[in-house]
Structures are given as structure tokens and as C-alpha cells.
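As C-alpha cells, the structure follows; a few thoughts come after it.
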Amino acid sequence: VFGGNPDLDCRAVSMGQGQEVHARRLLQQFMSTGGWALLQNCHLGLNFLDELLNTILTTESVHDDFRLWMTTEVHKDFPINLLQVSIKFTNEPPQGIKAGLKRTFTGITQDFLDVSNMPQWKPMLYAVAFLHTTVQERRKFGPLGWNIPYEYNNADLNSSMQFVQNHIDDMDLKKGVSWSTVRYMLGEVHYGG
């Protein structure tokens, strides 16, 4: 429910090649009829942003229920005028291992913790969470140690936890955890670089 109104329309456009046409149409519609427009990845449509600012500032009549939301990555060419007339929100990762682990564990439900009764499950889940938090914490050092800069996110954590769950479910009880497989998958595939 957006703005307390269950009938309010909310639509998104992911900016990039040729998406300016769709963004323009959505803005024109919502500025006159009301609704929330989300322009995602605005750093991929920088040429459109000057036009967007001009449209917002020169349109005489805007519906009271119109809202424009934008997401972007940091970009040196992002129009400063647009930033100055905007309300800005940021979602920064927490500072420190303790705060990072706490944030990581808030996304893990009790049902997921109870998905396996194998004794290796919870310690391995903690190890994956600790690895993910450590990788996120070291981003402040830039690409040092990695070939390509990459923003590790919850999708990486989720795929790693899913791998560990599948590995434990499929393991031979007599042989136990294949640590070479786990090390390779997590260290080289999921968080490699």
C-alpha cells in the first residue's frame, strides 16, 4: 500500500538502451493521473536526466499523488542539479564485522536454520555468513586482491547458503563434508575473483 492508498499505481522502468521512451511515457501519465514511478539504474541513462529535471521543473500542473523514485550507482557525471532538488536515501553496508554479521543474520529465518538437522549445517551456515561479511567489509580497500571490482550482495550469500544446504543434503554420511569441494565452490566460484 503506497501512501496509504491501495489503489495507487506503482511502475518501474530500468534505464538503459532505449528505455528513455518508456520512462517519458510513464512520467507523463503519472504526472497527470497520479502514481509512483520508479526509474532504476539511472546511471545508465545519464543523457535522459537533464531532460527529466527540465520536465519536472517546467510542468505546471502535477497530480498530488505523483512521486518519482530513482535508483543509481555513484557516477561522476550524474547531474548535480537533479541531486540538489531531490530527497536522497542511501543504503550503506554496516561498518565492522559485528554489525555486518548482525545484518546478514537478520535475513536468515528460523525456518531456514531448521531446514537441516545435520550437525554440520549451522556451523557451515555461520562460516558462509562470516565469509560474506568479511568480503563485504573489505570493499573499502577497493579491487585490491580481486581481478575485477564486484559488489557482493545478498544474491551471492543466498547462492552460497543454497550450495552448502545442497552439499550437506547430498553428502555421504561415511565420508562427511568434502572440504575441497566447499572451499573451491565458495572461495573460487561464489566469492572468487
Exercise. For Q162, what residues pass the side-chain hydrogen bond (donor to acceptor under 3.5 Å, both in side chains) criterion, not counting sequence neighbours?
Worked result: N166

Exercise. Is any side-chain heavy atom of T72 closer than 4.5 Å to a side-chain heavy atom of H43?
Worked result: yes

Problem set entry | Where S160 and Y191 come nearest, the two heavy atoms and their spacing | OG-CE1, 3.2 Å

Name each donor-acceptor pair under 3.5 Å that joins a side chain in residues 17-27 to protein atoms two or more places apart or in another chain, with its distance.
| unit_1 | atom_1 | unit_2 | atom_2 | d |
| --- | --- | --- | --- | --- |
| R24 | NE | E51 | OE2 | 2.5 |
| R24 | NH2 | E51 | OE1 | 3.1 |

Exercise. For the residue pair S178 and T181, what are the closest heavy atoms and their distance?
Worked result: OG-OG1, 2.7 Å

For this session: Nearest 0.5 Å please: distance from the CZ atom of R103 over to the CD atom of Q136.
Result: 7.0 Å

Exercise. To the nearest 0.5 Å, what is the distance between OH (Y126) and CD1 (I108)?
Worked result: 11.5 Å

For this session: Establish whether L46 and M15 are linked, either directly or via other cluster members, by ILVMFWY side-chain heavy-atom contacts under 4.5 Å.
Result: yes

Exercise. Taking atom NZ of K122 and atom CG of N117, what is their separation to the nearest 0.5 Å?
Worked result: 10.0 Å

Exercise. When rounded to the nearest 0.5 angstrom, what is the spacing between CD1 in I56 and CG in L68?
Worked result: 5.0 Å

Exercise. Going by distance alone, is a donor N or O of one side chain under 3.5 Å from an acceptor N or O of the other, for H132 and T104?
Worked result: no

For this session: Determine, stepwise, if the pair Q165 / S116 fulfils side chain to side chain contact (heavy atoms under 4.5 Å, CB included).
Result: CA-CA 8 Å; Q165 179 186 350; S116 176; 5.6 Å; no

Exercise. When clusters are formed by joining ILVMFWY residues with side-chain heavy atoms under 4.5 Å apart, either directly or through shared neighbours, do L38 and L49 land in the same one?
Worked result: no

Exercise. How about V164 and L125: do any of their side-chain heavy atoms sit closer than 4.5 Å?
Worked result: no

Exercise. Hey, any chance L101 and L157 share a hydrophobic cluster, counting ILVMFWY side chains that come within less than 4.5 Å of each other, even indirectly?
Worked result: yes

Taking distance alone, no hydrogens or angles, what donor-acceptor pairs closer than 3.5 Å link side-chain atoms of residues 73-88 to residues at least two apart or in another chain?
| unit_1 | atom_1 | unit_2 | atom_2 | d |
| --- | --- | --- | --- | --- |
| H75 | ND1 | D77 | N | 3.0 |
| S86 | OG | L82 | O | 2.5 |
| K88 | NZ | L83 | O | 2.7 |
| K88 | NZ | S86 | O | 2.8 |

Problem set entry | Steps toward side chain to side chain contact (heavy atoms under 4.5 Å, CB included) verdict (Q110, L113) | CA-CA 5 Å; Q110 186 63 43; L113 283 173; 3.9 Å; yes

For this session: List the steps and the verdict of side chain to side chain contact (heavy atoms under 4.5 Å, CB included) for M161 and M124.
Result: CA-CA 9 Å; M161 291 189 305; M124 288 182 72; over 6 Å; no

Problem set entry | More than 12 heavy atoms of other groups within 6.0 Å of Y184 OH | no

Exercise. So which heavy atom on Q29 is nearest to which on R11, and how close?
Worked result: OE1-NH1, 3.3 Å

For this session: Kindly indicate, with the supporting measurements, whether the criterion side chain to side chain contact (heavy atoms under 4.5 Å, CB included) is fulfilled by F163 and V128.
Result: CA-CA 10 Å; F163 162 75; V128 169; over 6 Å; no

Seminar exercise, completed: d(Q120 CD, L173 CG) to nearest 0.5 Å is 8.0 Å

Seminar exercise, completed: NE2 of H167 to CH2 of W121, rounded to nearest 0.5 Å, is 12.0 Å

For this session: Treating Ile, Leu, Val, Met, Phe, Trp and Tyr as nodes and any side-chain heavy-atom pair under 4.5 angstrom as an edge, say whether M31 and F48 lie in one connected cluster.
Result: yes

Problem set entry | T33 vs D9 side-chain heavy atoms within contact, under 4.5 Å | no

Exercise. How are the rings of W36 and W69 set to each other: parallel, tilted or perpendicular (split at 30° and 60°)?
Worked result: tilted

Exercise. So do M70 and L52 actually touch side chain to side chain, heavy atoms under 4.5 Å?
Worked result: yes

Problem set entry | Side-chain H-bond candidate by donor/acceptor type, T71 with Q40, under 3.5 Å | no

